Every structure is written in C-alpha cells, then in structure tokens.
Amino acid sequence: MKTYNHLFETLENFNDFLDGISLDRNSQVLLRIHSNIHTADMMEELAAELKKLLPNAVMIGCSASHVICEGKILRGVCLFSLTVFEQCEMRIGMFSCEQEPGVEKPGEALGEEVSNELIKGDKGMLLTFFPLSYYKTAKFVERVDRLNKGLHMIGGVAYMVEGMEGAHSEAGEKAYVLGQTETSINKMAAVMLVSPKLFIYENVICGAEGVGRSYEVTKVHEHFVDEIEGDDAAKWYQGILGREELEKDPTLASLFPLILEETQTAYNVVYELADTLPEPWKSENRDRINVFSEISEGMKFGLGYFAPQRIVDQLSSAYEELGEAPVESLFAYECLSRMWMLHDCASWEIGQFYTTNISGAILAGEIGNLRGKNIYGNATLMLAGLSENENARLILKEKGLKDVSGLQHENMQIINYLLMTGNRQLSKQLSQQRDKMKQAMFYQEMLGLDNQARYIYDRDRHHLDKLAVFSLKNERMIRLFLGQEDFWSELKTIYENLRAHLSKEAAEYADVIHFYSYGDNGLLIAAEETMTDDGDFVRCIKTAYKFMNGAVCRDFRLSYECAVIMHEEDALQKADTALQYGAKSKNPFVIYNQVQEEVADMKEEIHILQVVRDALVQDGIVPHFQGIYDNRKGRIEMYEALIRIRDAQGNLYYPGQFLSIAKEYDLYEALSVIMVKKVMSMFLHKDVKVTINLNVQDIYDEDMIEMIFHYLKQADHPRNFVFELVESEEVTDYQYIEQFAESIHEHGAKIAIDDFGSGFSNLLHIIKINADILKIDGEIIKAICQDENCREFVTMINEWCKNTGKEVIGEFVENENIQQIMEKIGIAHSQGYYFAKPVKWEDVT
C-alpha cells in the first residue's frame, strides 16, 4: 500500500499530481478529504468533479479546523490523502444521526445499525466522521466496540472554522461530513477496511494528569453532568476551583477536564453560567457542567489537567513502538483544544513525524484505539498506522523528542498558574502533584541519572558553560537482541563505570562535572565555569568518548557520536546541529566551533523561540523608555514604552528579533499583556506621561482590555496614559476600535495613532477613532530634509491636527536639520536619537 498527500489548489493541478504518481485512475483508492476552505455545498461540487477523475475512489472526510500533512499543521487549505491498497475491500456508508428530524438517534442504536450494515462481523479498520451537532458519539463507539471484538476505529468529529466564506457563525450548524459525493450536517460517514493482510497499529496520546481521587457520576441529562456522588455537579466543581474564579472566567474550566478513570482520557468541560443557558435549563437557575458528549450514570471521573511532560512520555513511547511496528501509512486525528490550551503541543507532536506520510486533521473530538479498546476522547491525539507488509517500517528521525526544554518550561508555568487560583483545596493537591512531578521530571530511573530537564534546571544554578552530548548510534540493534529492560540495566552499569573512570582520570574536576541522561539512552556531561581551561574539558570528554566506544554491552560494542559545546547559549540545540553536521561529514567527534557558520545558523529561529519562552517564565520582559521632546516647552515630558526581552545571560533582544517568531508560535499575546501590565504598574502613581503600543490584535484580546481598564481605574493620573494604535494586520472591525477608543477616553486616558502615513490609510476611520495624537511615520520624517512632498504632507497633517485639537509627534528625529524643520512647521513633539535613546527607566535622567 502507498499513501500520497496533496494540498488541493485546482483540478488541473490535481490532474498533474495524479500523472506524477502514475496512478491507475480506474483503480479503487481510499481518498480522505479534509478542508477548512470549502463549505458543504462547495465540497459537494468538488467531490462530483473528483468522481469523474477517479470513478472508483471511495471518498470520505469532513470539514476541519486545520489539516495535518507530513509533519505540518496547516490552515486555509484542503487536503487530499490517497491510499492505494494491494488487497483491501472498502465498504462505505452514511447513516443518519437523527431518529426523526431534530431528535438525535441514540448512540447505541446507531452503533448497532453500522455494525449490522457496514461492519458485518469483520475485523479491520473503521474510519468514521461525525457531525459536530451529534453528542452521542461516545455511546456509539462504546456499542460498536462491544459488538465487534478485534475491530479498530479511527476518526472524529467535524469542525467548521468561523469566518470561512459562506460559513455560519455557529460552527456546529455548518460543520459537515463527506461520504462519496454527499455532504451532510446530520449524518455520519464511515468506511470499513477489510483485508486478510492488513496490519494495524494504534495509540492514543492524551497527557491528562489526574488530581486526587475519582468520583462517580450519579445523575446525567443528555450531555450535562447533573450530579456527582449525589451533589450538584456545578457546585462540586465550584468547591474545587472556586465559584468566584469560575464566575469571573468560566473558560478556566477548559484547563481542568474530567479524566475517565477507566481509560485516563479527557472529557473537556464547559462551565455554563445559569443566565447564559437556553431554555428549559435557564429557568432552573443553576449553573451546569457540559461535556458535549453523552455519558452514563456510574461512570467514574477525576479532575485533571494537561501535563506536557506526560504528553512527552506518551509520545516518546508511541514513537519507539512505531519504529518496530509494520506501518506504511500513518493517519492522525488531533483535537482543536490541544492548540487552544497547549499552544505548541499539537505542532510539536505532529512535527515529530516530519519524515513520514502522516495525514489527517484537527477536529472537535477524536476516535481511536487504546490497548485494544476503541474509545472516544477530547483533547487527544489519535494515531493509526496501516500496512499490508509485515516488514514495512516508517522512516522515523527524532526531531525534538530529546529536546523538550520548551515544553518543560510550559509545564512548570501551567502548574504555577494553577497554584495561583487561590483555592486552598486544589492548591494543596496540586502542590503535592507538583513535587511528585518534579521528581519524575528530573530523574531517569532506568539509567539512574538526573535527566535532561534537571540539566536545564542546573544550567544557571551551577553555571554550566561547557557541555558534551553523547548519542548512541547502534542502540536499536542492541535493544533488539537484549530487550529494553536488559539494555537499560547494562547501560546503567556502563554509565556508573564511566563516572568512576572519569573521577579517577580527572580527579581534580570530579566536583564540577555533572552527568545527565539524554533521551532514553544517551548521555550529557556538563562542567561548571570554574573549570576554566577548555582544553581540560575537551581532554575529559575525549577520555569519556574513548571509554564509551570501548565499552561492551553483553557481546555488542557500543558506538557513540559526540558533540562538544562550550560557552554557547542554547547548548542543547547547538548540540543537535553539531551531531547532524558530524553525521553528514562522517565525523563522530565534533566540537561546535568546527561546524560551518551557515549550518549553525539553522537553529537561530529555535534559539529565539527558546529565548521568548524563557522570558515569559523567568520574568525576562524588560520595558525600555524613549523620551519625547516637547518643542513648545523645550524639554522631555513624555516617554514611549518599548518592549525588550532579556535572556539568562543578560543579553537584550529587540522586537525585530523576536516579535515575528512570537506571533508565529502564538506567544505574542502573552508577551504583550505582561509588557503593558508592567508599564501601567510602574506609572500608576507617577505624574509622568507614557505612551504604550497596542497592536490591533491586542485590543481584540479580552484579557488585555480588562487589565487596561482595571489599572486606569486605579491610576492617580489616567490622563498621562497614551495608547498608541498601530495597524499591523488587516483590520476587520473599525467599529470595535472606535468603541475601544471611546472607552479609553471615558476612563480619562488618550489615544494615539502610530506610524501615521503607513497604516490606517482610510482617513475616515482616523476621524471616527478620534485620536488625541498622530505619530507621523518615521520614514516620512527622515526624508523631510530632501523631499518637498514629505514636508508638504507633514505641514498639511499638522495644520489639520491644530484645527481639530490634536497633537503631532514626529518620529525618527535623528539630527539637528530634521529638528529645525520640525520646529519651523510647528510640530508639537519630536522623538528620536537626537534627543534620547531607549533606556531602562532607572537610567532615565
């Protein structure tokens, strides 16, 4: 069997793709289609055209939030995934999810219907997709699993991206499934794959960590949990998280799913306040717990949260198993909530499979198989590997399984955030959980060594500035013959002997050399800065390298490659670069400064990303301030706050270095909120004017807006706060910006338009926003000495501002010539290096 993935653009383009793979167009192929650019009607038209090109194709799919294609998660695309089998019967069907219009069919009944008409007692794989509006998917999966022992399932629940052309604002009403050339919002689609030679590997990655004991559900109503152990479920939930916290932010519940005791999989919780519920529930005047899936009385759930380290462990295990399992095609379905709640998690997980043909989609609920049992889950990654050849293996290359420092930091950030809820009961449980988790995070029990996370923790504490990374090249062969447990046992002994050997050979450095595990079998050796001679460190590592490559594991001689990194930031990332370079150049011992400069630069983006993550966790966001000169009073009376981030070594990074990466990895909002909060806190009781930059994206952030108004209400001089709006992305709702500006004025603060002349090009909107200050784009100001048109433009804007009661700030005033023109025109304020450079507040004179 073979799987080919294609991102659809045009039918002509797809035709060329089919020619390129030399596909027999009359053969029976499985064509999975997932789209976030097509509505149901558009998809039906496309499917009809595809049927002409591939008359015997079995087509199934659904709308999706994002698609998964060969290690990437993509939005704004349509995925075609074609699987060609050598010998496989494919049966397709669509089944109504309603027993009558507007009334859901019980999941048990639907499961029996599909079992009788499509599965027919056969073993194999059932690929299935459900409409978002159907809440009984879990019961369907449970009944099918009970009726069809040995059957594997994969699939999930369709989703529709809001804002898609022609899409309704309510995603559930327009999310659709596809079966052949039919789309539906109230039917499920399924394909039964039956082959005498089909090998199936499945796994489930959830990463939910339980807190405390499990509780029995004693009363349910549809997809609402009414009672837990006889108590009102909402009140039970309030008792743990705190009613005040939930009323203030009901979305807090999304961080605390219910963990099903039987499978340890998660059910996402939506906490719904009484006054937000539709009838008849609203009239009951009680908050409700909604899990958007039908569950049964007697099921046992515990409260939990998503722990990235657990995700890492589960995916690492699946990654190893995949390396040994017969797999030719890899299907993946992952939950949208893993992108909402664990920002980098989905990208990190899928990115591990960049060398494979992995394909699938980001959905609103997932179906998969865990240890032989088919399950329905939320916030989960479901993997299914298929093969018709028992000797087939995926090409797997570790990309980031070993370097999980980013997820480690995010993990601690999550735990610390949970501990800040103020709820004593929960905090006590989580405190115990955190201590337990730290122990698990910091120690590799199988090898008897502190692990990589401990190295990250120790790096700054012990000033570890030299690092050697040892990676075992022939571990797979050795593990195959010895088995995992014996392999670890042998390796543990070898590492203990190495430690003793180095203590003897380099006794004077025994106290400043530290050992850590690297993945499941590699080794890190780090030295403190008190080991001042780099040559001594290299000699120690060469001694270790010789010892390791001379060691015998039973009858097998170990083969290690080594990379040495000294006095470098992000040593682990650079170690990966050096090891890659060494493998390519067939040099098993590499010192990083030997690596060609262009190869080292490959990791710059990863370096900046890590700097941003560290800054968020370690209070590395540092506001700087540039003075703004008042041309009428002849002195600086206003300052612009400018974001900088500082790494652990004290190096400063500027917005041009990190903002684009922060936005790409969904970290911008976190940076911006912390920056604004710091600046407003600093100036809360000062009688000094300060301007604060806000992106359009910022004012769409409810947390940001709530925080700004919270501080303005406490400020001694709210008029001194000026919020600069910059149009860096396409504005979709000017009315909202106008309302924001009105609210700022109502709170006594001011609004400025930044970079006037480059953004906000529609003057009508400028008038409606009613800004107090216009900051003229610096590129225009810099050209004012040579370009008459620029001078006329600035003069015209300045006169208009005078007539409408606004002030003008000219940016990039770099020299006396520019300043003289500013004064001649009558510009109120000048900003630039001619007067002041950005510095920390304590350095302002």
Side-chain angles (χ1 to χ4, degrees), residues 244-245 247-251 621 623-628 630 636-643 668-729 731-756 759-760 762 764-775 801-802 804-809 811 828-829 831 841 844:
E244 183 178 343
E245 285 87 353
E247 287 183 340
K248 180 180 178 182
D249 182 13
T251 63
I621 297 166
H624 276 50
F625 300 88
Q626 184 176 28
I628 300 174
D630 190 319
I636 290 175
E637 287 196 339
M638 189 187 317
Y639 297 87
E640 179 179 3
L642 300 166
I643 189 171
Y668 169 81
E669 290 181 1
L671 282 177
S672 190
V673 167
I674 293 174
M675 171 65 181
V676 174
K677 184 175 182 179
K678 281 194 171 189
V679 173
M680 295 195 74
S681 298
M682 291 172 63
F683 285 80
L684 197 60
H685 304 297
K686 286 185 170 68
D687 192 8
V688 180
K689 293 180 182 178
V690 63
T691 73
I692 301 172
N693 290 292
L694 291 181
N695 196 292
V696 170
Q697 181 179 340
D698 291 322
I699 66 174
Y700 289 150
D701 181 358
E702 292 182 3
D703 291 337
M704 173 72 85
I705 300 304
E706 181 179 343
M707 186 261 293
I708 288 173
F709 293 144
H710 170 76
Y711 278 103
L712 284 179
K713 290 175 183 177
Q714 299 182 41
D716 292 347
H717 308 282
R719 65 182 181 278
N720 286 337
F721 287 98
V722 181
F723 296 92
E724 295 184 32
L725 304 183
V726 57
E727 185 184 28
S728 59
E729 284 91 23
V731 179
T732 58
D733 187 358
Y734 274 100
Q735 184 178 355
Y736 183 81
I737 298 174
E738 294 162 19
Q739 292 172 351
F740 169 74
E742 289 178 9
S743 297
I744 289 293
H745 287 138
E746 289 171 1
H747 283 77
K750 295 182 179 180
I751 290 288
I753 300 297
D754 195 18
D755 293 337
F756 181 73
F760 291 101
N762 191 325
L764 179 61
H765 294 307
I766 294 295
I767 296 170
K768 289 184 177 180
I769 289 172
N770 192 25
D772 304 280
I773 298 172
L774 293 188
K775 297 188 73 173
C801 286
K802 283 182 179 180
T804 56
K806 304 179 191 302
E807 295 184 347
V808 173
I809 297 176
E811 296 181 289
H829 305 276
Q831 180 178 357
W841 181 252
V844 173

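None of these values were measured; they are calculated from a predicted model.
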Let me see the working for Val722 and Lys689 under side-chain contact (heavy atoms from CB on, under 4.5 Å), right down to the final yes or no. CA-CA 7 Å; Val722 181; Lys689 293 180 182 178; 5.5 Å; no
Just to verify, which of Val688, Val690, Asn720, Ile809 counts as forming a side chain to side chain contact (heavy atoms under 4.5 Å, CB included) with Met638? Ile809
Let me confirm one number: the CD-CG distance from Glu724 to Leu774, rounded to the nearest 0.5 Å. 11.0 Å
Can you tell me how far NZ of Lys775 sits from CG of Asp754, rounded to the nearest 0.5 angstrom? 5.0 Å
Rounded distance [0.5 Å steps], OG1 in Thr691 versus CZ in Phe625: 9.5 Å
Measure across Val673 and Met707 and return the closest heavy-atom pair with its distance rounded to 0.1 Å. O-CE, 3.4 Å
Considering all heavy atoms, the nearest Met704-Ser672 contact: CE-OG, 3.2 Å
Under 4.5 Å between any side-chain heavy atoms of Leu694 and Ile708, yes or no? yes
Walk me through whether Asp687 and Asp716 qualify under side-chain contact (heavy atoms from CB on, under 4.5 Å). CA-CA 8 Å; Asp687 192 8; Asp716 292 347; over 6 Å; no
Report yes or no: do His710 and Glu706 form a side-chain donor-acceptor pair below 3.5 Å? no
Does a side chain donor of either Asn770 or Glu738 reach within less than 3.5 Å of an acceptor in the other side chain? no
Ignoring hydrogens and geometry, is there a side-chain-to-backbone donor-acceptor pair from Lys678 to Pro623 under 3.5 Å? no
Any chance you could measure Leu725, atom CG, to Ile737, atom CD1, to the nearest 0.5 Å? 7.0 Å
NZ on Lys750 to NZ on Lys806, rounded to 0.5 Å: 12.0 Å
Can you name the closest pair of heavy atoms from Ala828 and Glu807 and give their distance? CB-CB, 4.5 Å
Under a 4.5 Å cut-off applied to non-hydrogen side-chain atoms, are Leu671 and Met675 in contact? no
Heavy atoms only: give me the nearest Gln714-His685 pair and the separation to one decimal. O-CE1, 4.2 Å
Between His624 and Val844, is any pair of side-chain heavy atoms under 4.5 Å apart? no
Taking only residues two or more places apart in sequence or in another chain, which ones pass side-chain contact (heavy atoms from CB on, under 4.5 Å) with Ile705? Ile699, Phe709, Tyr736, Phe740
With rounding to the nearest 0.5 angstrom, report the CD1 to CD distance, Ile636 to Gln626. 8.5 Å
Passes side-chain contact (heavy atoms from CB on, under 4.5 Å), Leu712 versus Met680? Steps please. CA-CA 8 Å; Leu712 284 179; Met680 295 195 74; 3.9 Å; yes
Can you name the closest pair of heavy atoms from Trp841 and Met682 and give their distance? CB-CE, 3.6 Å
For Ala715 and Phe721 the tightest heavy-atom approach is CB-CE1, 3.8 Å
Within the 4.5 Å heavy-atom criterion, are Asp698 and Asn693 side-chain neighbours or not? no
Would you check, one step at a time, whether the test side-chain contact (heavy atoms from CB on, under 4.5 Å) holds for Phe683 with His717? CA-CA 9 Å; Phe683 285 80; His717 308 282; over 6 Å; no
